[in-house]
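In what follows, a single structure is set out as structure tokens and then discussed.
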Number of protein chains: 2
Amino acid sequence: MKTLKYSRQRESIKACLMARHDHPTADALYTAIREEYPNISLGTVYRNLNLLVELGEIQKLTCGDGADHFDADTSPHYHFVCRTCGQVKDLRLDSMEEINHLAQEHADGQIESHTIYFYGTCNHCLKN
Amino acid sequence: MKTLKYSRQRESIKACLMARHDHPTADALYTAIREEYPNISLGTVYRNLNLLVELGEIQKLTCGDGADHFDADTSPHYHFVCRTCGQVKDLRLDSMEEINHLAQEHADGQIESHTIYFYGTCNHCLKN
DNA sequence: CTGGGTGCAAAAGATTTGCAGTCCG
DNA sequence: CGGACTGCAAATCTTTTGCACCCAG
């Protein structure tokens, strides 16, 4: 296995992602990070995000709105996607690990994990 | 609201999707349909798939493997994605509508629906 | 030094869209 | 006829990658 080397860009990407709770896309993160590192490239952001996902330090959210979103919170929780404004918000439910076993009974294979996305309209958009 | 007109391409796309149970991507469907209609264009396939999704006649699956998949079965069921071969298979669990209510208690908005994807290794890939 | 990391720009994939021509109602 | 639909190709958008240079260990 290959040895990681320190990179201030990677640290910055991780720190920036941990500091916010809005699950930004790679491009949104790129825009934010450029304020501190104006020369960072989008390719570097993507490379590091993918690396951090592989290391299990962050997770990638594919909620179906075109671009992937990223979340530095790897504790078990789900996501609520507002179909009006596109915001992705955390949704913390009691452990639903049991549904893996439930699904296992009907699955044609070995289930390892699951993902749930809830869709609807967020309170902010409901007011308008 | 605009009135739909008949189109043999759209009929063919829908029929072709209903005939198979492997949740093809737009491109896979395009390849299959070209055997019957060699001149159909990929743009037409996309346009009609999106239209059928809007009409609620089919559903789009965004399981995170790059391309969207389509499913003519709109009855309540979930999907199992093999991380090895990429196949997407149906997974029919007892109604889980109740988790919408469970999630509603913690959500910052009005929940309308949810999607669950299960990930793992299918039996065929486990053997190899 | 050496190999991992970076910036840049080009490439790759998936999906959408503008346009002129075609066909349904 | 009018407007919906199509084929085609160009355009978009997101993400990946090749390459020369840079920097951590």
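A, B, ... follow the sequence lines: proteins, then strands. Residue 1 opens every chain. Computed from a prediction, not measured in an experiment: that's the story for all the values here.
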Separation of [N] [atom2] from [X] [atom1] (nearest whole Å):
X       : N      : atom1 : atom2 : value
A:Asn48 : D:dT17 : CG    : P     : 15 Å
B:Lys14 : D:dC5  : NZ    : C1'   : 17 Å
A:Tyr37 : D:dC23 : OH    : P     : 13 Å
B:Leu49 : D:dC5  : CG    : C1'   : 15 Å
B:Glu54 : D:dC5  : CD    : C1'   : 15 Å
B:Arg34 : D:dT6  : CZ    : P     : 16 Å
A:Ile40 : D:dC22 : CD1   : P     : 18 Å
A:Leu29 : D:dT14 : CG    : P     : 15 Å

- Task: For the pair B:Asp73 and B:Arg92, find out whether any cationic side-chain nitrogen is under 4.0 Å from an anionic carboxylate oxygen.
- Result: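 Between B:Arg92 and B:Asp73 there is a salt bridge, with a charged N closer than 4.0 Å to a carboxylate O.
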- Would you please classify the geometry between the A:His79 ring and the A:His77 ring as parallel, tilted or perpendicular, with 30° and 60° separating the classes?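 The arrangement is perpendicular - the two ring planes meet at more than 60°.
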- Query: When the aromatic ring centroids of B:Phe118 and A:His106 are compared, is their separation below 6.0 Å?
  - Reply: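 B:Phe118 vs A:His106: aromatic centres not under 6.0 Å.
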- Query: Are the aromatic ring centres of B:His23 and B:His21 under 6.0 angstrom apart?
  - Reply: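 Ring centroids of B:His23 and B:His21 are no less than 6.0 Å from each other.
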- Query: What closest approach, in Å, do A:Cys63 and A:Val88 show between heavy atoms, and which atom pair accounts for it?
  - Reply: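 What the structure gives for the nearest pair is SG-CG2, 4.2 Å.
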- Residue-phosphate contact under 4.0 Å: A:Asn50 side-chain N/O, D:dT16 OP1/OP2: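 For A:Asn50, the contact criterion (side-chain N or O under 4.0 Å from OP1 or OP2 of D:dT16) is met.
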- Does B:Ser7 place a side-chain N or O at less than 4.0 Å from the phosphate oxygens OP1/OP2 of D:dC5?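 Checking D:dC5 against B:Ser7, no side-chain N or O comes under 4.0 Å of OP1 or OP2.
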- Query: Which nucleotide sits closest to the side chain of A:Tyr46: D:dT6, D:dG25, D:dT15?
  - Reply: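 That would be D:dT15.
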- Query: Hey, quick one: are A:Phe70 and A:Leu42 part of the same hydrophobic cluster, counting side-chain heavy atoms closer than 4.5 Å, chains of contacts allowed?
  - Reply: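 Yes, one cluster joins them.
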- Query: So where does chain B start and stop touching DNA chain C, 5' to 3', when the test is distance under 4.0 Å to a non-hydrogen atom?
  - Reply: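 Terminal contacting nucleotides, 5' to 3': C:dA14 to C:dG25.
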Report which part of the nucleic acid [X] touches: base, sugar-phosphate, or nothing (heavy-atom distance under 4.0 Å, all strands).
X       : answer
A:Asp27 : nothing
A:Leu42 : base
A:Arg47 : base

- Message: Return whichever of B:Tyr6 or A:Val45 has its heavy-atom-nearest nucleotide of DNA chain C closer to the 5' end.
- Response: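 This one resolves to A:Val45.
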- Query: If you draw the axis of the six-membered ring of B:Tyr30, does the NZ or CZ of B:Arg34 fall within 45° of it and under 6.0 Å from the ring centre?
  - Reply: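 Yes; both conditions hold, so B:Arg34 lies above the ring face of B:Tyr30.
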- Is the base of D:dA24 touched by the side chain of A:Lys5 through a donor-acceptor pair closer than 3.5 angstrom?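 Checked by distance alone, the answer is yes.
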